[in-house]
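What follows is a single structure, written as structure tokens, with notes after it.
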Amino acid sequence: MKQLRNTFTERFGDLENTLSFFAPGRVNLIGEHTDYNGGHVFPCALSVGTYAIARKRDDKKVHLYSMNFEEMGVIETKIDNLEYDKTRDWANYPIGVAVMLKEAGYEINQGVDIAFYGNIPNGAGLSSSASLELVTAIALKELFHLDIDKVEMVRLAQKAENEFVGVNCGIMDQFASGLGKKDHAILLDCDTLDYQYTPIVLKNEKLIITNTNKRRGLADSKYNERRSQCETALKELQAELAIDSLGDLTREEFEQHKHLISDKVVQKRAKHAVYENVRTVEAVQKLNSGDIEGFGRLMNESHESLRDDYEVTGKELDALAEAAWQEGAIGSRMTGAGFGGCTISIVPEEATDRFIENVGRRYYESTGLEADFYVVDIGDGAKTL
Ligand code: GLA
């Protein structure tokens with residue numbers, strides 16, 4: 001924050017009338033590729049994320065600066081003329097949020113100066129973009145005294161990413177960044193947006209994120225392909241079933257009707273969506289009854305399903321999960337969209353050092369890449385500091 005304050009002063013004069021904000025990244029414990037299928041997810045907010053210092057201006061100018069993209073300098077535009085511009089790169093996220101708020105009827109009619117700093121490892125799949133969106137949303141809410149609740153902010157942030165930036169993501173990342181709660185995960189029904197906080201009290205275990213440090217190359221196009229395969233499956237199932245999403249199905253109903261899905265690959269994608277949704281609800285029940293081992297087993301099954309049926313893991317994530325299983329993890333799985341990014345593991349506390357050393361070594365031996373490890377600290381959602 002001190003550095004960010006200095007940066008703000010250097011770029012925008014002084015700190016008078018500024019407000020400070022934070023929105024976190026997220027890690028999903030289970031329930032992957034279920035959000036856009038009307039299923040359940042179980043993410044938690046991290047203590048890392050994006051910080052912002054912001055001030056309303058007397059004119060219409062919008063000035064955005066990120067300490068993470070210093071080489072791009074201050075991005076300048078006008079509040080009455082906000083448009084997508086590829087060359088503005090990262091700044092399209094905050095601009096998109098402002099556009100969606102305005103389109104939804106919230107009055108933002110003066111310019112702003114905002115300086116950002118994010119401490120989420122780059123490209124790790126821990127939702128730095130959602131945290132940038134949510135920190136912008138809360139800053140605009142406070143600066144312009146908007147009468148908007150968190151869930152509406154989350155919806156508009158997702159809309160910004162879908163319609164302005166052009167990434168067809170579900171609602172999980174924005175929801176976790178907006179509504180996260182310290183030491184809790186959120187069981188979210190992505191169909192109704194009903195949610196419930198579950199305390200994550202691990203007495204003898206640690207949650208560890210491991211970063212493959214693999215660049216996520218074609219991730220966006222493959223992500224969109226999975227989404228449309230699920231849509232195809234849903235349409236074919238709707239020929240006989242009165243359902244709104246794959247998340248409406250039990251495993252038994254799916255097995256009885258899967259023949260309606262003509263393409264075998266599409267059938268596998270739908271199977272994952274259905275089974276993963278059921279698994280997520282079961283996993284949270286296990287956690288609530290203190291059955292960490294049971295929760296861990298379902299995490300492992302989730303990884304296998306993402307590997308075999310959804311096919312979004314890849315060599316690096318598989319190498320990490322397998323190494324974790326061999327090194328005594330109670331549960332370990334890829335988290336986020338896949339194709340690189342991170343795994344999340346539950347590890348007995350007394351074994352953490354050994355785990356980090358041995359998983360790191362095994363991973364290096366099988367991929368030639370160095371993994372990074374972070375012990376998870378579950379933090380709060382978007383807030384004014
Ligand atoms: C990305 C998307 C989320 C979700 C996950 C997969 O993180 O942004 O909406 O679909 O992938 O579970």
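Order of appearance sets the numbers: ligands from 1, and atoms from 1 within every ligand.
Under the 4.5 Å side-chain contact rule for hydrophobic residues, I120 and M334 do not share a cluster.
Of all atoms in ligand 1, numbered sequentially from 1 with element shown, those under 4.0 Å from a heavy atom of Y223 are 1 (C), 2 (C), 3 (C), 4 (C), 9 (O), 10 (O), 11 (O). Atoms of ligand 1 lying under 4.0 Å from at least one heavy atom of G336, given by number and element, are 6 (C), 11 (O). Close approach to M172 involves these atoms of ligand 1, each under 4.0 Å from a residue heavy atom: 4 (C), 5 (C), 12 (O). The distance from ligand 1 to the heavy atoms of D35 drops below 4.0 Å at these ligand atoms: 3 (C), 4 (C), 9 (O), 10 (O). Of all atoms in ligand 1, listed by their number and element, those nearer than 4.0 Å to a heavy atom of Y36 are 10 (O).
Of the charged side-chain nitrogens involved, none lies within less than 4.0 Å of a carboxylate oxygen, so that E231 and K235 do not count as a salt-bridged pair.
Remark: E76 CD is packed, more than 12 non-hydrogen atoms of other residues, nucleotides or ligands lying under 6.0 Å away. For D58, the CG atom sits in a loose shell: 12 or fewer heavy atoms of surrounding residues, nucleotides or ligands are nearer than 6.0 Å.
The shortest heavy-atom distance from R26 to ligand 1 is under 4.0 Å.
Among the atoms of E32, some N or O lies under 3.5 angstrom from an N or O of ligand 1. Backbone and side-chain nitrogen or oxygen atoms of G170 are examined, and one is located within less than 3.5 angstrom of a nitrogen or oxygen of ligand 1.
In terms of protein heavy-atom proximity, atom 8 (O) of ligand 1 is closest to D173 OD2, 2.6 Å.
In this structure, K268 is not positioned above the aromatic face of Y310 in the sense of NZ or CZ being under 6.0 Å from the six-membered ring centre and within 45° of the axis.
Contacts between R226 and ligand 1, counted as non-hydrogen atom pairs separated by less than 4.0 Å, are absent for every part of the residue.
Checked against H40 for a side-chain contact (heavy atoms from CB on, under 4.5 Å), the options L188, D194, T280 give a single hit: T280. F116 pairs in a ring pair (Phe, Tyr, Trp, His ring centres under 6.0 Å) with only one of the listed residues (W90, Y51, F21), which is W90.
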